[in-house]
Amino acid sequence: MSTAVQFVHEQLTGKKDYPKFKAGDNVTVNYKIVEGGKERIQGFRGDVVKIQGTGATATFTVRKISDGIGVERVFPFFSPNVESVLLNKVGKVRRAKLYYLRERSGKSARIKEKRM
């Protein structure tokens, strides 16, 4: 019984297929913006600070520097407004939550790229 319910639930919600990314990776999140009656897609490129939650409430936080000011934005994994996530660079970090980037600026705020 529960497998049938699960199947219907998956058909209705629509599973998003994002690339595998983790904290420290540089991603571009393309999301829909509705202004009045118009819709457009805008990209938000930055480093993933954290991934938290499981299931339908899972979110990830992306941080970028815009005009010298740090901007963080939280995106739900299963939001209908998130169009796509593109993986730009794979970062070399040793922890899951990169809160220390908030206090840093300039060269010390950079994340090394993992060589493949």
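The structure displayed is predicted, hence computed values, not measured ones.
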Is it true that [X] and [Y] fall in one hydrophobic cluster, defined by side-chain heavy atoms closer than 4.5 Å?
{"X": "L86", "Y": "V29", "result": "no"}
{"X": "F60", "Y": "V71", "result": "yes"}
{"X": "V85", "Y": "L87", "result": "yes"}

Query - OG-CD distance between S108 and E103, expressed to the nearest 0.5 angstrom - result: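 The distance works out to 10.5 Å.
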
Query raised in the report: From D17 CG over to S84 OG, what is the distance, rounded to the nearest 0.5 angstrom?
Result: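 So the gap between those two atoms works out to 10.0 Å.
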
For the residue pair [X] and [Y], what are the closest heavy atoms and their distance?
{"X": "V90", "Y": "D25", "answer": "CA-OD1, 3.5 Å"}
{"X": "G36", "Y": "V34", "answer": "O-CG1, 3.7 Å"}
{"X": "R63", "Y": "V49", "answer": "CB-CG2, 3.4 Å"}
{"X": "F77", "Y": "I51", "answer": "CE1-CG2, 3.8 Å"}
{"X": "A23", "Y": "A96", "answer": "CB-O, 3.1 Å"}
{"X": "D47", "Y": "N26", "answer": "OD1-ND2, 3.1 Å"}

Requested in this report: Taking K32 for its side chain and Q42 for its backbone only, find out whether a donor-acceptor pair lies under 3.5 Å.
Outcome: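 No, K32 side chain to Q42 backbone: no donor-acceptor pair under 3.5 Å.
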
Query raised in the report: With a 4.0 Å cut-off, would you call E113 and K92 a salt bridge?
Result: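 Not counted as a salt bridge, because no side-chain N and carboxylate O are separated by less than 4.0 Å.
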
Query raised in the report: Are any of the side-chain nitrogens in R102 or E72 under 4.0 Å away from the carboxylate oxygens of its partner?
Result: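 Salt bridge between R102 and E72, a charged N being under 4.0 Å from a carboxylate O: yes.
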
So [Y] and [X], do their side chains get closer than 4.5 Å, heavy atoms only?
{"X": "V62", "Y": "F75", "answer": "yes"}
{"X": "E39", "Y": "I33", "answer": "no"}
{"X": "K50", "Y": "Y99", "answer": "yes"}

Query raised in the report: Do R95 and Y100 meet the criterion of a side-chain donor-acceptor pair at a distance under 3.5 Å?
Result: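 Short answer, no.
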
Requested in this report: Begin with the C-alpha distance, continue with both residues' side-chain angles, and end with the deciding distance and a verdict on side-chain contact (heavy atoms from CB on, under 4.5 Å) for N30 and F44.
Outcome: CA-CA 6 Å; N30 294 314; F44 189 93; over 6 Å; no

**Report entry** K22 NZ: over 12 foreign heavy atoms closer than 6.0 Å
**Finding:**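 Buried by this count: over 12 neighbours within 6.0 Å.
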
Query raised in the report: Taking the six-membered ring of Y31, is the NZ or CZ of R73 close enough (under 6.0 Å from the centre) and on axis enough (within 45°)?
Result: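 Yes, R73 sits over the ring of Y31.
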
